[in-house]
Amino acid sequence: MTTGQIAALVGPATAEVQTYPLPEVAPGAVLLRVRRANVCGTDVHQWHYESMALRESGLGHEFVGEVVELGEGVTTDFAGEPVAVGDRVVAVYYLTCHRCPPCQRAEFNLCQNGLAEWIIRPDVPPYFRSAFATHYYVHPGQYFYKVPDEVDDASVAGANCGLAQMLFVMDEVGIGAGETLVVQGAGGLGLYAAAIAHERGARVIAIDGVPERLELARRFGATETISLAEYPEATDRAERVRELTGGIGADLVLEVTGVPASFVEAIDAVRVGGRIASVGNLNAAAEVTMTPGMVTRKSVHIHGVLRYHPWYLHRAVQFLARRRHLHPFEAFSDRSFPLAEVTDALKAGESRSVARVAIVP
Ligand SMILES: [Zn+2]
Ligand SMILES: [Zn+2]
């Protein structure tokens, strides 16, 4: 094969599959063949032109690939594991420049140049900078990790970004044995969070509107669920959380819905002195009316968390290898589409009916 294909965003909600020659692989770089790529909520937002940075760029960032060619000098992954052509790997979807102010503070998740390559149009070599494609180019210095044989493609495709992101959030914000985590939104991120909190001995309450997702949440460690159908009002859902926690409220509320009103609901549902992790809301223009006085009076700790440190992707792969018998990780990608049907895949991802839609080029 001498050419590959990539889905390029050419206008609002307009993706076009384009063909380019396979690039030369520079020293330190790696060329992958994409095996499976998930449609993440962020991809849907990007498709709708809601990202200022990623417009005339390629789509897709949650994926697993297979090594086609190793650039000069590449003999191991970023955990020191030997790699060879044919090995399955996952790659961190952003870069860390080690030079910008956040990188100087070791806040690698906030690197100002993280998207420096992804924002470039796919018609510029090396073309393959995003995952809704037949190939993916791992740049020199871009973290990637080998996938153990026992972890299948469907399970590992969501390691980056979903699982790595949730492992980072749980470390940053903290969740301990015996604590109660309320997960707002039982999509991919919410299910991963449930699995992590379960491993750490916490109790998990999941909130969602889709019955299948709530059912899945139980298989990922949630012991209670709150259905939007049964509790359509936010104040009633917060009241239900208090009921389930002896009148106290949740120790940690994790927002992974992308719905601005969830933030206000989190302040209501969290206990006095508790923590809120704001992760799903990314839209810079979406607004909500809230009472700051409640944050003060309840002494709520609010943590906004973007991305993760690159090595969390390695932890994500190890987590899957360790916990794969306990939860149906492969059930995340329960519908797949060929690359040519990328628009249908994005529409299915947008409908939120399933945890994750996948593209199998
Ligand atoms: Zn940086
Ligand atoms: Zn993502």
Side-chain angles (χ1 to χ4, degrees), residues 41 162 165-167 169-281 286 288-305 327 352 355:
Q165 165 86 69
M166 286 299 112
L167 284 164
V169 168
M170 291 302 163
D171 279 358
E172 286 289 289
V173 184
I175 185 75
E179 287 198 309
T180 298
L181 164 70
V182 165
V183 177
Q184 298 175 305
L189 292 175
L191 297 176
Y192 285 136
I196 296 161
H198 182 245
E199 186 185 44
R200 297 183 185 187
R203 173 193 184 193
V204 180
I205 302 171
I207 304 177
D208 203 284
V210 182
E212 293 78 17
R213 286 179 164 207
L214 291 175
E215 193 45 52
L216 209 46
R218 289 185 179 274
R219 298 178 67 193
F220 276 85
T223 49
E224 276 101 7
T225 57
I226 299 175
S227 156
L228 266 66
E230 203 179 333
Y231 296 91
E233 297 297 326
T235 49
D236 293 340
R237 289 193 292 275
E239 185 54 40
R240 179 67 183 142
V241 169
R242 281 189 290 276
E243 257 174 43
L244 291 169
T245 51
I248 292 171
D251 296 291
L252 169 61
V253 180
L254 169 70
E255 178 279 308
V256 281
T257 62
V259 178
S262 297
F263 186 79
V264 182
E265 186 177 330
I267 294 166
D268 196 2
V270 76
R271 69 163 163 83
V272 168
R275 288 106 60 204
I276 293 173
S278 178
V279 179
N281 275 309
V288 75
T289 303
M290 62 169 287
T291 314
M294 286 308 292
V295 174
T296 315
R297 296 170 72 94
K298 289 180 79 170
S299 289
V300 177
H301 302 261
I302 296 173
H303 304 256
V305 188
H327 310 296
R352 290 171 181 259

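In what follows, residues are counted from 1 in the order of the sequence shown.
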Is the closest side-chain heavy-atom distance between [X] and [Y] below 4.5 Å?
X      : Y      : answer
His303 : His301 : yes
Val305 : Gln165 : yes
Met294 : Thr291 : yes
Glu230 : Arg240 : no

Heavy-atom pair with the smallest gap, counting every atom of [X] and [Y]:
X      : Y      : value
Val173 : Leu252 : CG1-CD1, 3.5 Å
Phe263 : Asn281 : CB-ND2, 4.5 Å
Val182 : Ala250 : CG2-CB, 3.5 Å
Gly221 : Val204 : O-CB, 4.0 Å
Ala195 : His327 : CB-CD2, 3.7 Å
Gly209 : Leu228 : CA-CB, 3.7 Å

Whether the side chain of [X] engages the backbone of [Y] through a donor-acceptor N/O pair (distance < 3.5 Å, no angle test) should be reported.
X      : Y      : answer
Glu255 : Thr257 : yes
Arg275 : Val300 : no
Arg237 : Pro232 : yes

(request) Sequence neighbours left out, what passes salt bridge (Lys or Arg N to Asp or Glu O under 4.0 Å) with Arg219? Give chain and number order. (result)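 Applying salt bridge (Lys or Arg N to Asp or Glu O under 4.0 Å) to Arg219 gives none.
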
(request) Report, as yes or no, whether the 6.0 Å neighbourhood of atom CD on Glu243 holds more than 12 heavy atoms from other residues, nucleotides or ligands. (result)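 Yes - once you tally the heavy atoms of other residues, nucleotides and ligands closer than 6.0 Å, there are more than 12.
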
(message) Working note: Val183 + Leu181, criterion side-chain contact (heavy atoms from CB on, under 4.5 Å); need CA distance, chi angles, decisive distance, verdict.
(response) CA-CA 6 Å; Val183 177; Leu181 164 70; 3.6 Å; yes

(message) To the nearest 0.5 Å, what is the distance between OG on Ser227 and CG on Leu214?
(response)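 Atom-to-atom, Ser227:OG and Leu214:CG are 6.0 Å apart.
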
(request) Mind checking the CD1-CG spacing from Ile226 to Leu244? Nearest 0.5 Å is all I need. (result)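 Ile226 atom CD1 to Leu244 atom CG measures 5.5 Å (nearest 0.5 Å).
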
(request) With side-chain contact (heavy atoms from CB on, under 4.5 Å) as the test, would you mind laying out the steps for Arg218 and Thr225 before giving the verdict? (result) CA-CA 8 Å; Arg218 289 185 179 274; Thr225 57; 3.4 Å; yes

(message) Set out, in order, the CA-CA distance, both residues' side-chain angles and the distance that settles side-chain contact (heavy atoms from CB on, under 4.5 Å) for Glu265 and Ile207, then state yes or no.
(response) CA-CA 11 Å; Glu265 186 177 330; Ile207 304 177; 4.0 Å; yes

Expected list for residues 266-274: side-chain donor-acceptor pairs under 3.5 angstrom, two or more places apart:
residue	atom	partner	partner atom	Å
Asp268	OD1	Arg242	NH1	3.2
Arg271	NE	Asp251	OD1	2.6
Arg271	NH1	Gly273	O	3.3
Arg271	NH2	Asp251	OD1	3.4

(message) Gln184 vs Val253, test: side-chain contact (heavy atoms from CB on, under 4.5 Å). Steps then yes/no.
(response) CA-CA 7 Å; Gln184 298 175 305; Val253 180; 3.7 Å; yes

(request) Test Thr180 against every option in Val241, Thr223, Ile205 by the side chain to side chain contact (heavy atoms under 4.5 Å, CB included) rule and name the one that passes. (result)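 Among Val241, Thr223, Ile205, the one meeting side chain to side chain contact (heavy atoms under 4.5 Å, CB included) with Thr180 is Ile205.
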
(request) Please test Arg200 against Glu179 for salt bridge (Lys or Arg N to Asp or Glu O under 4.0 Å), starting from the C-alpha separation and ending with a verdict. (result) CA-CA 9 Å; Arg200 297 183 185 187; Glu179 287 198 309; over 6 Å; no

